[in-house]
Amino acid sequence: MTSGRATRKRRAMVKQRGGPSPALLGAIAVIALFAGMVGFGVYRASASSTDATVPPSATASGVPVGSSDAPATVDLYVDFQCPACRAFEQQAGPTIDELVGSGAARVVYHPVAYLDRFSSTRYSSRSSAASGCAAEAGVFPQYAQLLFANQPPEGAAGLPEEQLIALGAQAGAGPGFAECVSSDRYAGWTAALTDEASQAGVNATPTVLVNGQEIERSVAALRAAVEGAS
């Protein structure tokens, strides 16, 4: 009898040592599922950046305007839903045009979409994607100015598609502009450049950099930085 009980005890111990408990198996399964979800999320983010269609005359991170030989490069991160961006455009727009026209500066616009939460129709993303259509049509600066001039209030629906298209016609875009906006052709580009800006540490709009150095958002600071690079 004693020998039989001992044998059963040894078998039980071997069974316990021979494989993980159900609780441990469950924990491993949860960890594996979480890792898979994270991996899939990383894949999706990478795929969206890789597969994003870049507008002609633009890059994966923005829209350059002006001569590539200019001594100063101004990186301007804006959100078309952002009131402070509109104010900066109204104050600094003529100066930016002057600096670009004289060859003193090249401006790279980064139309990010940070403020979708302040619109019931994801206006930041929609307007940025539409600006990609404007880049394709060769009228990005004109279109950006019109978007700021017609900026909707925060918390509202934003401009409807019909108005985004009408502003493109006003800026001088051709007949293909309407289809580009309607198809949301550059939604992936918007997502990719917004993600890139966020990863670069840009967390507010407008953000202004001159030759990679962030400056104060004022006309005086902009002009001083550009002149200092000449």
> With the threshold set at 4.0 Å, does a side-chain nitrogen-carboxylate oxygen contact exist between Glu161 and Arg126?
Replying inline: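 Here Glu161 does not pair with Arg126 in a salt bridge, since their nearest N and O are not under 4.0 Å apart.
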>> Among Asp116, Asp79, Thr194, Asp184, which residue satisfies the side-chain hydrogen bond (donor to acceptor under 3.5 Å, both in side chains) criterion with Ser125?
In response: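 One option only clears the test, and that one is Asp116.
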Distance-minimising heavy-atom pair for [X] and [Y]:
X	Y	result
Pro55	Gly132	CB-O, 3.4 Å
Arg106	Pro64	NH2-CB, 3.3 Å
Ala92	Leu222	CB-CD2, 4.5 Å
Ala58	Ala135	CB-CB, 4.4 Å
Ser182	Ile165	OG-CD1, 3.8 Å
Cys180	Tyr186	SG-CE1, 3.5 Å

> Could you walk me through whether Glu154 and Leu115 pass the side chain to side chain contact (heavy atoms under 4.5 Å, CB included) check?
Replying inline: CA-CA 9 Å; Glu154 288 185 315; Leu115 301 178; 4.1 Å; yes
>> Just to verify, what does Glu98 make a salt bridge (Lys or Arg N to Asp or Glu O under 4.0 Å) with, not counting sequence neighbours?
In response: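 Only Arg223 meet the salt bridge (Lys or Arg N to Asp or Glu O under 4.0 Å) criterion with Glu98.
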Identify whether [X] and [Y] are in the same connected component of the hydrophobic contact network (ILVMFWY, side-chain heavy atoms under 4.5 Å).
X	Y	answer
Phe140	Leu99	yes
Val139	Leu167	no
Val219	Val210	no

>> Nearest 0.5 angstrom please: Phe177 CZ to Arg185 CZ, how far?
In response: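 Reported value, rounded in 0.5 Å steps: 10.5 Å.
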Would you say [X] and [Y] make side-chain contact, with heavy atoms under 4.5 Å?
X	Y	value
Leu76	Phe88	yes
Thr205	Val78	no
Ser57	Glu136	no
Val108	Val74	no
Pro111	Trp189	yes

Taking [Y]'s backbone N and O only, do any of them form a donor-acceptor pair with [X]'s side chain (distance below 3.5 Å, no angle check)?
X	Y	result
Ser131	Ser128	yes
His110	Asp75	no
Ser61	Leu193	no
Thr190	Ala129	yes

With a cut-off of 3.5 Å and sequence neighbours excluded, list every side-chain donor-acceptor pair involving residues 142-152.
residue, atom, partner, partner atom, Å
Tyr143, OH, Leu164, O, 2.9
Asn150, ND2, Leu146, O, 2.8
Gln151, NE2, Phe80, O, 3.0
Gln151, NE2, Cys82, O, 2.9

> Got more than 12 heavy atoms from elsewhere within 6.0 Å of CD, Gln213?
Replying inline: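 Result for CD/Gln213: open.
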>> Could you go through Val226 and Thr95, starting from their C-alpha distance and side-chain angles, then the distance that decides it, and tell me whether this counts as side chain to side chain contact (heavy atoms under 4.5 Å, CB included)?
In response: CA-CA 11 Å; Val226 169; Thr95 299; over 6 Å; no
>> Under a 3.5 Å threshold, yes or no: a donor from one side chain and an acceptor from the other, between Gln81 and Tyr114?
In response: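 No pair is found: no donor N or O on one side chain lies under 3.5 Å from an acceptor on the other.
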